Amino acid sequence: MDDFVKFPKSLYAGISQYVPDMDSDIRNTFHPTKNKSLEFADIQAFVAYKEGKTVGRIAGIINHKANNIWKKQTVRFSMIEFIDDIEVTKALITAVEEWGKNHGMTSIQGPMGITDFDKEGMLIEDFDMSGSFLEYWNPPYYKEHLEKLQFQKEADWLQIRFQVPEIVPAKYARVARLSKEMFDLKIVTKTKKEVYKGYGQKIFDLLNQAYAPLFGFSPFSPEQTQDFLKKYLPLLNMKMVTLIENGKNELVCVAITVADFSEGLKKSNGKVFPKGWYHLLKAIKWKTGDKAELMLIAVRPDMQGLGINALVFDHLIPIYNKIGIKWCETGPQLENNIKELTQWKPLSPSIVKRRRCWEKKINT
């Protein structure tokens, strides 16, 4: 496991685009008492060695809940990293295929994690752009290797970049006003304590409703909810979280954004001690950059397409300007999620960082 955790740091030494994970996060992924997702998923780590050196790593995942929902027998691969040697890549993929086949799986896909909060998708464009704590960065040869191994496209995600305007675009302001009046909507403010003590379950119930149709999604359990609240809540500035309720005090929309702390992760090199805590605390608590990461936006299905997203931007843009956020980047969004992608038009967005989930049948 030490080699599994450390390998990307040596592989990407000196590459500025790479943003390391926290070592503890990777280790906890495999720990049943620290990862409640393992109550319905199996995971197995593999490490490749050549001439006494670590040359690759991969994790195999069987998400039984997702397989049942989507009527598939699929083993996922995740956290894949390898040197530019096709034999190494083939050995890693074969290890996951054999492990999956021994558990009755008939296909392999990835990179996919256990949940939608895990990193997913292999970068296939815009390799010169910096990564972030939300996403994988990988070199161009990764795509070439997967194609040589006969993988096919299963799904593509896109990311959106935009400059924060000094004033809310007129279309957003108009639609936001109308949606508030027509549907009796209001922005609500919650403290981290309120979120942790109960409101967080409302948020995850909404995510389960809104994301149910999306590729590969499986609903979050109450135990997972508590896991994620413990992990992510300390990272949030609640001013950058938008919560929208209707007149019945029902949560109908949540948007979670965070100030980018990639530089803090780079300086910490994925370690809290001895000095990593300072760089992380500085990046999270005393924002030093001008970029925001848009982690997610979820709207209750019966309220989608009614202008609620405009209310999110109408609320967030003044806040971004006040705290010095100059530009934003979304997390990966499915290329066929037209509603999600078209909502950014008034901001003159750029589409960047196409990333892919690959798939192929396992040879029997």
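What you see is a predicted model, and the numbers here were worked out from it, not measured in a lab. Numbering of residues begins at 1 and proceeds along the displayed sequence. Values below: all heavy atoms of this structure, side chains included; hydrogens, waters and symmetry mates excluded.
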task = Grab the two heavy atoms, one from D314 and one from A176, that are nearest each other, plus how far apart they are.
result = CB-CB, 3.7 Å
Over 12 non-hydrogen atoms of neighbours within 6.0 angstrom of CD1 in I338 = yes
ask   = Do other residues, nucleotides or ligands put more than 12 heavy atoms under 6.0 Å from K186 NZ?
value = yes
query = If you look at every heavy atom in I308 and M303, which pair is closest and at what distance?
reply = CD1-CB, 3.4 Å
task = I would like to know whether W70 and F215 meet ring-ring contact (aromatic ring centres under 6.0 Å, His included); could you show each step before the answer?
result = CA-CA 9 Å; W70 296 96; F215 170 73; 7.2 Å; no
message = Please tell me whether Y142 and E81 have a donor and an acceptor in their side chains that are separated by less than 3.5 angstrom.
response = yes
ask   = Is it true that atom NZ of K360 has more than 12 heavy atoms of other residues, nucleotides or ligands lying nearer than 6.0 Å?
value = yes
ask   = Pick from M79, M122, K353: which one makes a side-chain contact (heavy atoms from CB on, under 4.5 Å) with Y136?
value = M79
query = Quick one: CH2 on W358 to CD on Q152, what's the gap to the nearest 0.5 Å?
reply = 8.0 Å
query = Going by distance alone, is a donor N or O of one side chain under 3.5 Å from an acceptor N or O of the other, for T191 and Y199?
reply = no
inquiry  = Under a plain distance cut-off of 3.5 Å, with no hydrogens placed, do Q226 and E223 share a side-chain donor-acceptor pair?
reply    = no
ask   = With E293, which of T257, D260, T330, I256 fulfils side-chain contact (heavy atoms from CB on, under 4.5 Å)?
value = D260
query = Is the number of heavy atoms from other residues, nucleotides or ligands within 6.0 Å of NZ (K50) greater than 12?
reply = no
Polar side chain donor-acceptor pair, N102 to E98, under 3.5 angstrom = no
task = Classify the ring geometry between Y12 and Y18 as parallel (under 30°), tilted (30 to 60°) or perpendicular (over 60°).
result = tilted
query = Among L229, L243, V241, which one satisfies side-chain contact (heavy atoms from CB on, under 4.5 Å) with I203?
reply = L243
remark   = To the nearest 0.5 Å, atom CD1 of I319 lies from atom CD1 of I325 at 11.0 Å
